[in-house]
There are 2 protein chains.
Amino acid sequence: MPRTEASNQQIRDERREQILQAAIKVFARQGFSAAKIADIAKAAQTSHGLLYHYFDNKEEIFAALIERTTHDLQQFAEAIRMQSGDAWERLTWALTRILQGLRRQPDIYAVMLQELANEAISPELRQLATRPAAILQETLKQLIVEGQAEGRVVAGDPDELAGVLTFCIEGLSVNVLSPYSASVIFPKPETLLRLVKS
Amino acid sequence: MPRTEASNQQIRDERREQILQAAIKVFARQGFSAAKIADIAKAAQTSHGLLYHYFDNKEEIFAALIERTTHDLQQFAEAIRMQSGDAWERLTWALTRILQGLRRQPDIYAVMLQELANEAISPELRQLATRPAAILQETLKQLIVEGQAEGRVVAGDPDELAGVLTFCIEGLSVNVLSPYSASVIFPKPETLLRLVKS
DNA sequence: GTCTATAAATCGATAGAC
DNA sequence: GTCTATCGATTTATAGAC
């Protein structure tokens with residue numbers, strides 16, 4: 001009995017997912033350039049030959065990761081808008097969720113940040129890589145602007161305030177990934193919120 | 001007339017300095033792994049062969065950078081202690097100086113951060129690379145503890161507070177280095193200080 | 001769909017001339 | 001002290017068998 005087209009498709013989807021998950025881990029810990037195709041293949045428990053069956057090259061894998069992250073963050077932004085409560089409550093909720101996500105999976109945030117300035121990546125891809133952080137920052141900015149109208153967020157340039165929050169999250173992600181991160185203290189949401197509280 | 005020993009020494013010192021300055025730029029923009037010896041040599045305006053006359057290998061260059069940065073930050077910490085005024089005033093001075101330094105030379109901060117989690121670097125070197133950030137954080141912590149005794153710094157875990165400030169500085173440095181950093185807003189010292197102000 | 005073997009290119013590091 | 005030529009190892013990517 002031959003494999004059906006449907007089950008073949010399922011196999012492909014699973015493999016692709018395996019590879020992407022492995023790539024996140026490897027990119028986060030080695031950086032794009034040092035990450036070897038063989039490393040990703042090993043982490044995904046496949047041969048490196050098969051990897052080229054799913055992606056044209058290393059940049060394609062990276063691009064797929066960035067696109068997924070961009071999509072995830074857009075959904076997150078949407079979820080925040082759907083959240084009930086005033087802007088301050090939604091800002092609290094958002095930062096709490098972000099810090100939780102960072103605890104479970106710091107890898108993707110670290111990839112996002114580390115490759116921003118990396119000239120080893122093509123300019124087109126690097127520009128793509130700026131998107132997730134931009135979405136995050138823009139989302140926070142919206143909440144800050146609304147919060148200022150409510151009087152619960154301190155006056156001041158909302159871009160500056162959203163930027164500082166973003167820097168914090170990015171800096172934390174890389175520190176968490178360090179093998180010497182035992183002493184890294186995860187800030188509480190309230191600690192970060194002090195930055196913008198009026 | 002042959003070159004004297006003294007002038008030879010001066011040539012060596014200058015070359016070494018040229019190479020280190022070039023290495024900072026290249027490491028910051030490409031990361032340790034993607035940074036090619038040829039790139040560093042070109043930026044330093046020497047042949048790549050000569051580079052090996054001054055350093056045994058790529059890791060040695062990186063180690064020299066880290067050591068210098070560690071030394072510079074130790075001196076900075078000492079300068080802060082020498083500063084007059086209470087802890088709050090010295091904390092303000094310190095953050096102002098750090099942000100100024102980041103404007104002029106974001107490269108070394110970015111190198112510090114980006115290689116923290118990079119497994120392409122030997123464990124010994126990576127541990128060394130944790131020192132500069134640790135010194136920075138420890139210095140800020142001291143000021144925070146003193147500031148809390150004065151009542152001008154908010155109560156709370158000083159390690160957490162110092163950590164958040166450090167994350168901000170690190171995150172900012174990488175964003176500034178990105179070629180798409182036109183929209184990055186340098187936070188004012190007062191903005192960061194809100195995180196710890198009582 | 002998956003693997004192994006291999007081609008082709010890149011890059012760190014060395015040797016030797018000046 | 002400095003350079004060019006080159007080796008050797010690593011790694012991306014492909015080809016072809018199963």
| request: Whole angstrom is fine here: how far is it from CZ in B:Phe55 over to P in C:dG12? | output: 15 Å
Do any N or O atoms of the protein come closer than 3.5 Å to N or O atoms of nucleotides 13-17 of chain C, and which pairs are they?
{"residue": "C:dA13", "atom": "OP2", "partner": "B:Tyr52", "partner atom": "OH", "Å": "3.0"}
{"residue": "C:dA13", "atom": "OP2", "partner": "B:Lys58", "partner atom": "N", "Å": "3.2"}
{"residue": "C:dA13", "atom": "N6", "partner": "B:His48", "partner atom": "NE2", "Å": "3.2"}

| Interatomic distance where CG belongs to B:Leu50 and C1' belongs to C:dC18 [whole Å] | 14 Å
| message | Does B:Tyr54 reach a base, just sugar-phosphate, or nothing at all? Heavy atoms under 4.0 Å. | response | sugar-phosphate
| query | Which of these nucleotides, D:dT4, D:dG1, C:dC3, is closest to any side-chain atom of B:His53? | reply | D:dG1
| Residues that B:Glu146 engages under salt bridge (Lys or Arg N to Asp or Glu O under 4.0 Å), provided they are two or more places apart | B:Arg90
| Can you check whether A:Arg15 has a side-chain N or O nearer than 4.0 Å to OP1 or OP2 of C:dG1? | no
Could you list the donor-acceptor pairs under 3.5 angstrom formed between side-chain atoms of residues 172-179 of chain B and any protein atom two or more places apart in sequence or on another chain?
{"residue": "B:Ser173", "atom": "OG", "partner": "B:Glu170", "partner atom": "O", "Å": "2.6"}
{"residue": "B:Asn175", "atom": "ND2", "partner": "A:Glu170", "partner atom": "OE1", "Å": "2.6"}
{"residue": "B:Asn175", "atom": "ND2", "partner": "B:Gly171", "partner atom": "O", "Å": "2.9"}
{"residue": "B:Ser178", "atom": "OG", "partner": "B:Tyr180", "partner atom": "N", "Å": "3.0"}

| query | What are the two closest non-hydrogen atoms of A:Arg194 and B:Val196, and how far apart are they? | reply | NH2-C, 3.9 Å
| said: In this structure, how many angstroms lie between the C1' atom of D:dT2 and the CZ atom of B:Arg16, rounded? | reply: 18 Å
| query | Could you state the CG-C1' distance from B:Asp13 to D:dG1, rounded to the nearest angstrom? | reply | 14 Å
| query | Atom CD of B:Gln45 and atom C1' of D:dT2: how far apart are they, to the nearest Å? | reply | 15 Å
| task | Report the distance from atom CG of A:Leu125 to atom CG of A:Asn118, rounding to the nearest 0.5 Å. | result | 11.0 Å
| field | Nearest-Å distance for atom pair CG/P, residues A:Leu51 and D:dT11 | value | 15 Å
| message | Using the salt bridge (Lys or Arg N to Asp or Glu O under 4.0 Å) criterion, which residues pair with A:Arg97? Sequence neighbours excluded. | response | none
| query | Looking at residues at least two apart in the chain, or sitting in another chain, which of them share a salt bridge (Lys or Arg N to Asp or Glu O under 4.0 Å) with A:Arg131? | reply | none
| task | Could you note down all residue pairs passing ring pair (Phe, Tyr, Trp, His ring centres under 6.0 Å) where residues 6-29 of chain A supplies at least one of them, sequence neighbours left out? | result | A:Phe27-A:Phe32, A:Phe27-A:Phe62
| request: Any pair with a residue in residues 73-86 of chain B that passes side chain to side chain donor-acceptor pair (under 3.5 Å), sequence neighbours left out, goes on the list, sorted by first then second residue, please. | output: B:Glu78-B:Arg81, B:Asp86-B:Arg152
| remark: Here the residues of residues 18-36 of chain B within 4.0 Å heavy-atom distance, strictly under, of DNA chain D are none
| request: Please identify each residue that fulfils side-chain hydrogen bond (donor to acceptor under 3.5 Å, both in side chains) with A:Glu60, with sequence neighbours left out. | output: none
